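One structure is given below, encoded as structure tokens.
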Protein chains: 4
Amino acid sequence: MPKNVNHDERREEVVDAARRIILRDGLEAATTRAIAREAGYSNGVLAHYFADKDDILLSALRSSHRRIVHRLRRKLAGRTGLAALRELLLDNLPLDEERAAETGLEMGFWSRSLSSPALLAVQRQEAAELRHLVRSLLGAAASSGEIATGDDLDDVTERLLALVDGLSVHRLLYPDRAGADRLERLLDAELNRLRPGA
Amino acid sequence: MPKNVNHDERREEVVDAARRIILRDGLEAATTRAIAREAGYSNGVLAHYFADKDDILLSALRSSHRRIVHRLRRKLAGRTGLAALRELLLDNLPLDEERAAETGLEMGFWSRSLSSPALLAVQRQEAAELRHLVRSLLGAAASSGEIATGDDLDDVTERLLALVDGLSVHRLLYPDRAGADRLERLLDAELNRLRPGA
Amino acid sequence: MPKNVNHDERREEVVDAARRIILRDGLEAATTRAIAREAGYSNGVLAHYFADKDDILLSALRSSHRRIVHRLRRKLAGRTGLAALRELLLDNLPLDEERAAETGLEMGFWSRSLSSPALLAVQRQEAAELRHLVRSLLGAAASSGEIATGDDLDDVTERLLALVDGLSVHRLLYPDRAGADRLERLLDAELNRLRPGA
Amino acid sequence: MPKNVNHDERREEVVDAARRIILRDGLEAATTRAIAREAGYSNGVLAHYFADKDDILLSALRSSHRRIVHRLRRKLAGRTGLAALRELLLDNLPLDEERAAETGLEMGFWSRSLSSPALLAVQRQEAAELRHLVRSLLGAAASSGEIATGDDLDDVTERLLALVDGLSVHRLLYPDRAGADRLERLLDAELNRLRPGA
DNA sequence: CATGAATGAGTGTTCATTCAT
DNA sequence: TATGAATGAACACTCATTCAT
């Protein structure tokens, strides 16, 4: 009767350790040894659960996204159109510790994606899903008359997501000027601007 | 009789080399040896002019900013108010190879700043200057009646800069959806929105 | 009630697996995990039947020799003297894929033997048996008048076996110049040379 | 005035260290660390003089061959035809410590060549030169009437070189049966056999 | 000043071996 | 007996840094 561990569970343990390190000390500090130590294992264990370091990092990125999606799903339940969109975009802003950590991780991967095709592919795939979701919420809001129909909705989608990402970066780098209240206010203004009367 | 070397000049040579490498091959390719080679010196020379590698990288970041400021000064010459602001923000978007490389450099430093107080300090200082400039151009535009006076100008400043940063990230990571034309269109729409009639 | 496992049988299964890997992929590919997997067991099982990896490799070498001997025994059945000798020496040449793989295995062990007393001992023991067999076939051929009696038969034995080994090496390393036809021709010439008339 | 070392000299130092380890402990023991230590340097030094480990090993092989060629050139000076051939072949037998070491190194590379195209290429190139030399000495001997003209000289070349390699292996693995005197005697018999009267 | 040789810690990865289950 | 999780040392290689010349 062998000692039998749940592989997915163990992977998650290690991936969580990786996430903690990336958030605390940066992507550069996330060496395989550091990850193993943070997870409470010897460095050799990683080989049992991951093909290589990239596998760990990619899993960490995907895991982070999955968490966000889960949280979002709860928040969006029962909401539609503009209200759902607002919830989604607000959730993407680093307004508390948890989401600030998520944004930090994301930023670490951004620059690394520029020189790693595999990472970039994952990044793009996940971003495309988010963009698609925003776009369809906008479409629904337009259909129901919640928002004006003058603007190109693809443009609006891009503008909203860019603004959210920009504000997120600023919140982490320049918290003094990008306070939580200002972020929320700016986002709401942006959404109100879409309404028919505006 | 010691050879009289202009320290600042030599530092600049090396820093330029570092900047070129980061722009061309990314932050991770900027090893001390690669920098020394790019500058045309032996690797040992770095020790005479820099405390350590971080000293070089920080200087490279500042140097990149200085170059941007110089280019901007030329572009802004003779322009005021909204026209100047438009020039400034457009210049910050990665609309050609050169500025795409600059954005890449910037993104590399963003994530490092999150775990390096020294980098973060530099980053903040330079960002504050840019913010101040935008804010004062907006102030001038408001005074001259070029833009409406309803909005809080600090909010507008933050919104514009966040949008520019967000669009920049998207242009690099998702060039398909963030084409040069869309970026320019979105920026112009944002500026027109400020005008009194809007 | 302990499960009653036939130790020798299990050892043989594992050793066969090791042999297959060495023949197929080379000595360096024969890691303990690869061997266990090839045998259809978990890696931990090896500890029950072998002292260590060397124990497995040594056994694999012996196993390969044993197989060669078996094959030879079939080929030699009913033959005596020079005809038997010819069959034996031909069998030792890597004239088909199977025997080329065997020669590769052998060569791998040769160099390891130079720095491993245990391996060397096995190697010598097996080589002695082969030498003895050749020598006695030569003796029989001399007695029956099949070959001339001028030469020292120990010298002839050594010459024939050295030639076979040298040709084998050349066939693997320089197949262009050591084609199968040339090998066979050279061997036959060598045997004919022993005949009384020559 | 920088400390300036002769690169080729330093490479040779390291390559000699590698040779010593390979001969003493086998090719497997020739790790980069072991080589650096044997050479009296830290492990990082290798990077200055070699592209990678293969570069060291290949250099060791070539260096060994170069030494042999040099020694041979001296021995062959003033000799031609059969006498030169005899000197060449004798020199290739491991009849003293130095040449036993050379043979040991060679054998280590043989098996590794089977799974390393780069090594195999070098091995083949060097072997081709030796083969060519033997062949032309045989040609000269035939022209001058020193040897009989019945045999195909390519066959003879292959036979002689295979015999030498086979005897060399046996001398290292089975010194008891492949004594220096027997090797020499067998080689001379082989050469005499070529003479017209034989 | 400048060189570049040298260091040694650190990287990701592999692997024989141990051992609780 | 058999499992496979876990270990930790070893591997080749990279790199910022030091320092004699």
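Below, read A as the first sequence line, B as the second, and so on, with proteins coming before strands; counting in each chain starts at 1. Since this is a predicted model, take the numbers as computed values, not measurements.
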Let me know the distance between CG of L46(C) and P of dA2(F), rounded to the nearest Å. 11 Å
Which residues pass the side chain to side chain contact (heavy atoms under 4.5 Å, CB included) test with S111(C), sequence neighbours left out? S111(D)
Going by side-chain hydrogen bond (donor to acceptor under 3.5 Å, both in side chains), name the residues that satisfy it together with E38(B), two or more places apart in sequence or in a different chain. R20(B), R24(B)
So which nucleotide from dG4(E), dA5(F), dA9(F) ends up closest to the side chain of N43(C)? dA5(F)
Ignoring backbone atoms, test whether H7(D) places a side-chain nitrogen or oxygen under 4.0 Å from the OP1 or OP2 oxygen of dA5(E). yes
Let's test your reading of the pairing rules: Watson-Crick or G-U wobble, both distances under 3.5 Å, then write DNA chain F as a dot-bracket string with ( ), [ ], | and dots. .||||||||||||||||||||
Side chain S63(B), main chain S59(B), donor-acceptor under 3.5 Å: no
5'-most contact on DNA chain F: G44(B) or V45(C), nearest heavy atom basis? V45(C)
Taking the nucleotide of DNA chain F with the nearest heavy atom to each, does Y41(C) or S42(A) sit closer to the 5' end? Y41(C)
Side-chain donor/acceptor of H48(D) to base of dA5(E), under 3.5 Å: no
Could you check whether any side-chain heavy atom of W110(D) comes within less than 4.5 Å of a side-chain heavy atom of V169(D), counting everything from C-beta outward? yes
Tell me which residues in residues 25-39 of chain D lie within less than 4.0 Å of DNA chain E, going by non-hydrogen atoms. R33(D)
Would you please name every residue forming a ring-ring contact (aromatic ring centres under 6.0 Å, His included) with H70(A), sequence neighbours left out? none
Across all chains, not counting sequence neighbours, the side-chain hydrogen bond (donor to acceptor under 3.5 Å, both in side chains) partners of R62(C) are none
Residues passing the ring-ring contact (aromatic ring centres under 6.0 Å, His included) test with Y49(A), sequence neighbours excluded, are H7(A)
Residues forming a side-chain hydrogen bond (donor to acceptor under 3.5 Å, both in side chains) with Y41(A), sequence neighbours excluded: R10(A), E13(A)
Of all of residues 106-118 of chain D, which get a heavy atom below 4.0 angstrom from DNA chain F, listed by number? none
Salt bridge between D55(B) and R11(B), side-chain N to carboxylate O under 4.0 Å? yes
Within residues 49-56 of chain C, which residues have any heavy atom lying less than 4.0 Å from an atom of DNA chain E? D52(C), K53(C)
Name all residues meeting the side-chain hydrogen bond (donor to acceptor under 3.5 Å, both in side chains) criterion together with T32(D); count only those two or more places apart in sequence or in a different chain, and write none if there are none. none
Hey, does L119(B) have a side-chain heavy atom less than 4.5 Å from the side chain of L57(B)? no
Residue list, salt bridge (charged side-chain N to carboxylate O under 4.0 Å, His left out) with D25(A), at least two apart or on another chain: none
Using whole Å, report how far CG of L57(C) lies from P of dC15(E). 14 Å
Taking the side chain as every heavy atom from C-beta outward, state whether R112(C) and L27(D) have any pair of such atoms under 4.5 Å apart. no
